[in-house]
Enquirer: 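After the structure tokens below, expect a handful of questions from me.
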Amino acid sequence: MAPPTKTHSVSSEESFTKVDQSTTIEKKQPFVAPDNTKILEYTPLDQIPIGVQKLKDAFHTTQKTHSVQYRLNQLRNVYFKIKDNIDEICETLELDFYRSASETKNLEIVIGLNELVHTMSSLHKWVKPEPVTDLPVSLQTNPIYIEKIPLGVVLIISPFNYPFLLSLSAIIGALAAGNVVVFKPSELTPNFAKLFTRLLSESLDEDIFFTINGGIDETTKALEQKYDKIMYTGNNFVGRIIAKKAAETLTPVILELGGKSPAFVLNDVKDSDIPVIARRIIWGRFTNGGQTCVAVDYVLVHESIHKKLVEEIKRIIDEEFYAEFKTLDNSDDSSTITPSYTHVIHDRAFKNLSNIITTTKGDIITGGEVNSTTRFISPTVIDNVSWDDSSMKGEIFGPILPIIKYSNLSTALDDLISSGHDTPLAQYIFTSGKTSRNSNPQVNQVVTKIRSGATMINDVVLHVGLVNAPFGGVGNSGYGSYHGIYSFRAFTHERTTFEQKLWNDTALKARYPPYNDKKNKLIETSQTSYAGNVWFGRTGDVRINGPNSIFSVWYGFVGVTKLVNDLINAL
């Protein structure tokens, strides 16, 4: 969250859930960096506590979000509001960082709407209480189940790189779970934040949704309020600040961070597969200008195929994907605006990325062209990179691809771990052999040693679009996961509910004083499976699949018989 110069032009009389009702999207001339202070009106600081408190009060007093019908109706409103404004959403992101409408539609809107529809179609199943299984014999006649109850007020802080998808996905999950939402979009995409604020405010009831627009001051003020859960998507530095602040009030946090996601190209790759692998790596690195949390951050390629892969990566960039860049006149700012390439989000990021290019000790085999006016950096590939290179210090988050050559996979993995990059948000493994870890020892070696948030074999990035698989990091790449049912679970509390009878106290008297051995024996029998017998010995391997059916049936019967006998003796 960079500290922008800000304006507080929203009057205190205006509705704090509707920061801007204007339908006008600010226009800018090509190759002029957007000035957020002239586009996005920031939420007055004194209105932030009021807005959060209003949602908190509404959650407890109206209790309307407990209704599944109400939740579905609100989600329905969001769906049609988005469907009716797809072109405007694409336009705002083109204005913010020159992103093509195709990338916005294919990488954000299609996926986001698909998850929304999936959530709406599945919510009636997700909310059903789950029966508790494997109960002791004494409790098997009691209704014992797990309810999914809303947490309350959820704060969602979303990033700039995929501001539609990463905002909508979290908001969908929080609302579907019955919460009220405080939403803080990124100020770094001001045109989008302005439009999305209006669309959501028009779709959702003002007592269940409140948007805070602004920079560091507004975010800091937002974090001073008490929530029932916070979700932050962004970088590690800010993630630590949010986690520390949340800890002061024992507020649980979901952190979706990043890290250096590697692509391993194993030594069993066939020459005929190299072009496909190169295309997928290039797409996974340079899509959205490289500003993707699960982008291929660097390539580890075996020395036996290193030269061929590098040559193919260069050829595909120069002749297929980005051939148009070879005709650019970098002295003409407008020439760097291309229809298929997203630019760097802000000047600070542009400076950091440019510094990597100028200080690297590797060989730039293609790219390296920059334009500070438009924040354009051409797709840049750096070969023969070492672990201490400037491109390997941290997550790149831009259109730069380092390539490291290795000769021994075990050594390469040890170097990766010692460099502190062993918990990436994703890892990608390319092989011409078997794709299953059970059938390919090298694949198994990589996935065992590298604790990634996700793994893809022979492809990249696509797992983010799965609507009902958990998406999240581990270690430095974050904690907690969401998408589909995992979003619903992340934003609910799973509450165990136990229904007991009042007429059966005679059978339960063993728990009351005065105590004696017969009562103790009855309690032990009632809580112990298989009458205390076990299917494993003191030595040797324990049977992986648990007790066999003969053991379970026989000792289950013995357990019931023993329970009845101990109950009679204890009465």
Side-chain angles (χ1 to χ4, degrees), residues 66 124-152 177-178 228-229 246-247 249-254 438 448 451 470 472 474-475 479-482 485-571:
H66 289 265
H124 67 286
K125 295 180 289 186
W126 298 346
V127 299
K128 289 182 178 179
E130 296 179 18
V132 176
T133 61
D134 300 315
L135 295 169
V137 175
S138 60
L139 297 178
Q140 288 183 1
T141 60
N142 293 84
I144 303 176
Y145 48 90
I146 302 167
E147 294 181 288
K148 290 68 175 286
I149 65 171
L151 294 173
D228 297 291
K229 194 154 197 176
T249 54
L250 297 178
T251 302
V253 179
I254 300 173
N438 297 323
T448 300
R451 300 166 293 161
V474 59
Y479 48 78
S481 60
Y482 71 121
I485 192 172
Y486 299 95
S487 293
F488 179 81
R489 291 171 61 177
F491 292 114
T492 53
H493 170 62
E494 296 185 343
R495 180 171 67 187
T496 299
T497 301
F498 187 134
E499 297 181 15
Q500 180 64 280
K501 308 295 187 295
L502 293 175
W503 53 261
N504 62 348
D505 208 43
T506 300
L508 300 175
K509 282 185 176 179
R511 62 184 173 175
Y512 301 144
Y515 305 121
N516 57 51
D517 289 342
K518 291 182 178 180
K519 288 183 177 180
N520 294 342
K521 190 173 183 181
L522 173 59
I523 290 174
E524 179 182 359
T525 302
S526 68
Q527 298 295 317
T528 304
S529 300
Y530 310 120
N533 295 281
V534 295
W535 68 97
F536 48 86
R538 293 180 180 273
T539 60
D541 293 335
V542 176
R543 189 174 187 272
I544 292 176
N545 296 326
N548 59 38
S549 57
I550 295 176
F551 178 96
S552 298
V553 171
W554 172 249
Y555 284 107
F557 171 76
V558 170
V560 172
T561 303
K562 191 172 188 300
L563 177 64
V564 172
N565 183 66
D566 290 346
L567 175 61
I568 294 172
N569 291 334
L571 292 177

Enquirer: Return the OG to CG distance between Ser526 and Leu508, rounded to the nearest 0.5 Å.
Expert: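 Answer rounded to 0.5 Å: 9.0 Å.
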
Enquirer: Just so I know, are the side chains of Val132 and Phe498 near enough to count as touching, which here means a heavy-atom distance under 4.5 Å?
Expert: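 With C-beta onward as the side chain, the pair stays apart.
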
Enquirer: For the CG atom of Leu571 and the CG atom of Leu567, what is their distance to the nearest 0.5 Å?
Expert: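 Answer rounded to 0.5 Å: 4.5 Å.
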
Enquirer: On a heavy-atom basis, which atom in Ser481 and which in Pro470 lie closest, and how many Å separate them?
Expert: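 That closest heavy-atom pairing would be OG-CB, 3.7 Å.
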
Enquirer: Can you tell me which residue pairs pass the salt bridge (Lys or Arg N to Asp or Glu O under 4.0 Å) test with a partner in residues 551-571, sequence neighbours excluded?
Expert: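 Matches after skipping sequence neighbours: Lys562-Asp566.
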
Enquirer: Please work out which of the three classes, parallel, tilted or perpendicular, describes the rings of Tyr530 and Phe551, given edges at 30° and 60°.
Expert: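 It falls in the perpendicular class, over 60°.
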
Enquirer: Which atom names give the shortest non-hydrogen contact between Trp535 and Gly546, and what distance separates them?
Expert: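 Trp535 and Gly546 have their closest heavy atoms at NE1-C, 3.6 Å.
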
Enquirer: From Ile149 CD1 over to Thr492 OG1, what is the distance, rounded to the nearest 0.5 angstrom?
Expert: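 Result: 8.5 Å between the selected atoms.
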
Enquirer: Can you see which heavy atom on Tyr479 is nearest to which on Val253, and at what distance?
Expert: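 Taking Tyr479 first and Val253 second, the nearest heavy atoms are CE1-O, 3.2 Å.
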
Enquirer: Using 0.5 Å steps for rounding, measure from the CG atom of Asp517 to the CG atom of Asn569.
Expert: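 Answer for the CG-CG pair, Asp517 versus Asn569, is 12.0 Å.
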
Enquirer: With side chains defined as the heavy atoms from C-beta onward, is the minimum distance between Lys519 and Lys509 less than 4.5 Å?
Expert: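 Lys519 does not reach Lys509 side chain to side chain.
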
Enquirer: Under the side chain to side chain donor-acceptor pair (under 3.5 Å) rule, collect the residues that match up with Asn142, sequence neighbours excluded.
Expert: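 With neighbours one apart ignored, the set is Gln500.
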
Enquirer: Contact between Glu499 and Tyr145 at the side-chain level, heavy atoms closer than 4.5 Å - yes or no?
Expert: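 Yes; the side chains approach each other to less than 4.5 Å.
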
Enquirer: Which pair of heavy atoms, one from Lys501 and one from Pro143, lies closest together, and at what distance?
Expert: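 Heavy atoms of Lys501 and Pro143 come nearest at NZ-CD, 3.7 Å.
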
Enquirer: Could you tell me whether the side chain of Asp541 reaches within less than 4.5 Å of the side chain of Phe536, counting heavy atoms only?
Expert: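 Answer no - side chains too far apart.
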
Enquirer: Nearest 0.5 Å please: distance from the CG atom of Asp134 over to the CG atom of Leu139.
Expert: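 One gets 12.5 Å once the value is rounded to the nearest 0.5 Å.
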
Enquirer: Measure the shortest side-chain to side-chain distance between Ser552 and Pro547 over non-hydrogen atoms and say whether it is less than 4.5 angstrom.
Expert: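 Sidechains of Pro547 and Ser552: in contact.
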
Enquirer: Would you say Asn548 has more than 12 foreign heavy atoms packed within less than 6.0 Å of its CG?
Expert: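 Yes - once you tally the heavy atoms of other residues, nucleotides and ligands closer than 6.0 Å, there are more than 12.
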
Enquirer: Between Ala177 and Phe491, what is the shortest heavy-atom contact and its length?
Expert: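 Minimum heavy-atom separation between Ala177 and Phe491: CB-O, 3.4 Å.
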
Enquirer: Is Ile568 close to Asn565 at the side-chain level, that is, under 4.5 Å between some pair of heavy atoms?
Expert: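 A side-chain contact under 4.5 Å is absent here.
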
Enquirer: Around atom NZ of Lys148, are there more than 12 heavy atoms from other residues, nucleotides or ligands closer than 6.0 Å?
Expert: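 Yes, the 6.0 Å shell around NZ holds more than 12 heavy atoms from other groups.
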
Enquirer: Looking at residues at least two apart in the chain, or sitting in another chain, which of them share a salt bridge (Lys or Arg N to Asp or Glu O under 4.0 Å) with Arg451?
Expert: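 Scan of Arg451 (salt bridge (Lys or Arg N to Asp or Glu O under 4.0 Å), adjacent residues dropped) gives Asp422.
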
Enquirer: Look only at the side chain of Gln140 and the backbone of Leu135, and say whether a donor-acceptor pair between them is shorter than 3.5 Å.
Expert: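 Answer holds: yes.
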
Enquirer: Do you know the tightest heavy-atom contact between Gly559 and Thr525?
Expert: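 So the two residues come closest at O-CG2, 4.3 Å.
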
Enquirer: Quick one: OG1 on Thr251 to CG on Asp228, what's the gap to the nearest 0.5 Å?
Expert: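 With rounding to 0.5 Å, OG1 (Thr251) is 7.5 Å from CG (Asp228).
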
Enquirer: So does Lys128 have more than 12 non-hydrogen atoms from other groups sitting under 6.0 Å from NZ?
Expert: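 Not buried by this count: 12 neighbours or fewer within 6.0 Å.
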
